[in-house]
Amino acid sequence: MSQSDVLNKIVSLTKRRGFVFQSSEIYGGLKSAYDYGPLGVELKRNIAAEWWKYMVHEREDVVGIDASIMMHPTVWKASGHLATFSDPLVDCLNCKERFRADKAPKRAPGADAEWIKGGKSGGQKTKGSVGVCGYVCPVCGSSELSGERQFNLMFRTSIGPVDPMEDLISEIQDKQLSRVQLREKLEEAIRSSAIYLRPETAQAMFVQFMNVQQTMSMKIPFGIAQQGKSFRNEVTTEKFIFRTCEFEQMEMEFFCEPGSQKDWHQYWTDNRMSWWKRYANNKDSFRVRHHEKDELSHYADACVDIDYLYPWGWDELEGIASRTDYDLSQHAAESGVKLSYFDQQKVDPSTGKPGVRYVPYVIEPAAGLTRAVLAFLCDAYSEEQGIDADGAEKTRVVLKLHPRLAPYKVAVLPLLKKEGMPEVARSISHQFYQAGINSSYDEQQSIGKRYARHDEIGTPYCLTVDHQTLADNTVTIRDRDTTKQDRISIDRALEIVKDRINTF
Ligand code: GAP
């Protein structure tokens, strides 16, 4: 099975089984926007809940926030996003494709290039040579390209009952303006009421640093965590839910004493890797990649990516950056509010007196939640060859999701839709509903088809009510991964499933 087949099979399974749908599908869909269906939302929420438990609830030194998606526009000036959060865009003068220069196929400057004139609809072979830029169009291969333009990735909108267009019309009416002047006026009018959809959840943790530190009496080192939606007007959206314009992040800003950042960066890199591997079948499909010096942002003194081996190769899942005191210092300078920490435990070396004030350094583990959904789906997808009841070869598709991530923890299945079996099965299901454990009561189709369906959606355990149940109050419990069945008493079913999920 080729790697692109694997991705196609996962995309098809997630649609067929209610994990992920194309957004606005009945209208032809919206490119690169996806809706999480009944099983997808469970998987996504389970991943988010595991992250929150691990990063916040199981620690004394991390607290959470849930900030507004829309923030004061100056936040993005201070953070550098307004000036530098952009992709280099190029237009192909042949097929009119607009693409990212840094992602385009590389060719040696001066090398031969060949393409079909007019793109797909054209026909004549044309030759040229690659320019000094060192790339060609990713669609038609042409070297006839526009120059690079910086395209800001933030979604801009406006707030309040202002209509910047009215003011603009009065201002430009009857004036002879050049294209450049007109563009400047337009920018100015829009900017006056502009706000942005956040391109990362991180900035709220810097902006609310003092509020959180003081209200919760947090002592350095400590972290602030947040999960939520982020938005980027990505030029290249690709590979299903890997890169989308609307996505979810799970980020934590860990504030530490300057000088301790190297140790904390190593600590969080190890810590985050062990979290990913905890839920993985193929632990070697997760790796740490250290950024080269020339890859580092100007404010970072170290950075690693946690990469996953997706069907198309290694690619980013989480970034862990050591961001120095850049963000707090920038926001302090822009807002005029002191964003620092007074450490009473330390002695000030310049005075010899107790207490030192400093701007904390920051380590930032920043993971993509929607990207995690894709990575765990890829890790869980497996096909096993077997023989069915009639002796024919068959392929068993199993989603080997970790039980704590699986949408349903258990399915309760009456063998037959008669002889009182549905009633007993419903009463078992009821116990799971009452305990808040997501379970599925399923009586449609043959038992074999039901097992296959639950294998495909990753349900770790199936409880089957059969003839023997009616005689001795026992059910079978079937394990998704081994297909092995044991008999257990109904009275212990809830406890056994809970134990298996918790000790997995
Ligand atoms: N605050 C730092 C930050 O946002 P990032 O590397 O740009 O860093 C962190 O983003 C994570 O968010 C990435 O590792 C990735 O998992 C996820 N992510 C970023 N852009 C994404 C997109 N367009 N679609 C889906 N996930 C994305």
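Start at 1 and go down the list; that is how both ligands and their atoms are numbered. Hydrogens, waters and symmetry mates are skipped; everything else that's a heavy atom, side chains included, is used.
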Which residues satisfy the side-chain hydrogen bond (donor to acceptor under 3.5 Å, both in side chains) test with Arg287, sequence neighbours excluded? Asp307
What distance separates Phe85 CZ from Glu200 CD, expressed to the nearest 0.5 Å? 7.0 Å
I'd like to check which ligand 1 atoms, numbered from 1 as shown, lie under 4.0 Å from a non-hydrogen atom of [X].
X: Ala202; value: 1 (N)
X: Ala366; value: 2 (C), 9 (C), 11 (C), 14 (O)
X: Glu316; value: 6 (O), 13 (C), 14 (O)

Ligand 1 N/O within reach of [X] N/O, cut-off under 3.5 Å:
X: Arg243; answer: no
X: Pro199; answer: no
X: Gly368; answer: yes
X: Thr370; answer: no

Ring center gap for Tyr308 and Tyr310 short of 6.0 angstrom: yes
Can you pull out the closest protein heavy atom to atom 16 (O) of ligand 1? Residue, atom name and distance to 0.1 Å, please. Leu317 O, 2.8 Å
Specify the protein heavy atom at minimum distance from atom 24 (N) of ligand 1: its residue, its atom name, and the distance to 0.1 Å. Thr244 N, 3.1 Å
Option set [options], criterion heavy-atom distance to [atom], minimum:
atom: atom 12 (O) of ligand 1; options: Gln203, Gln249, Glu364, Met250; value: Gln249
atom: atom 5 (P) of ligand 1; options: Arg232, Glu251, Glu318; value: Arg232
atom: atom 21 (C) of ligand 1; options: Phe231, Phe247, Phe242; value: Phe247

Leu82, Leu197, Asn233 screened by side chain to side chain contact (heavy atoms under 4.5 Å, CB included) with Met154, the one that passes: Leu82
Please tabulate, for side-chain N and O atoms in residues 98-106, each donor-acceptor pair with protein atoms closer than 3.5 Å (sequence neighbours left out).
from	atom 1	to	atom 2	distance (Å)
Arg98	NE	Asp91	OD1	2.7
Arg98	NH2	Asp91	OD1	3.4
Arg100	NE	Asp87	OD2	3.4
Arg100	NE	Asp102	OD1	3.1
Arg100	NH1	Asp87	OD2	3.4
Arg100	NH2	Asp102	OD2	2.8
Lys106	NZ	Ala104	O	3.4

Carefully, step by step, assess His402 and Phe376 under the rule ring pair (Phe, Tyr, Trp, His ring centres under 6.0 Å). CA-CA 9 Å; His402 189 287; Phe376 283 129; 8.8 Å; no
Classify the ring geometry of Phe255 against Phe222: parallel below 30°, tilted from 30° to 60°, perpendicular beyond 60°. tilted
Looking at Arg16, Lys9, Lys15, which hits side chain to side chain donor-acceptor pair (under 3.5 Å) with Ser12? Arg16
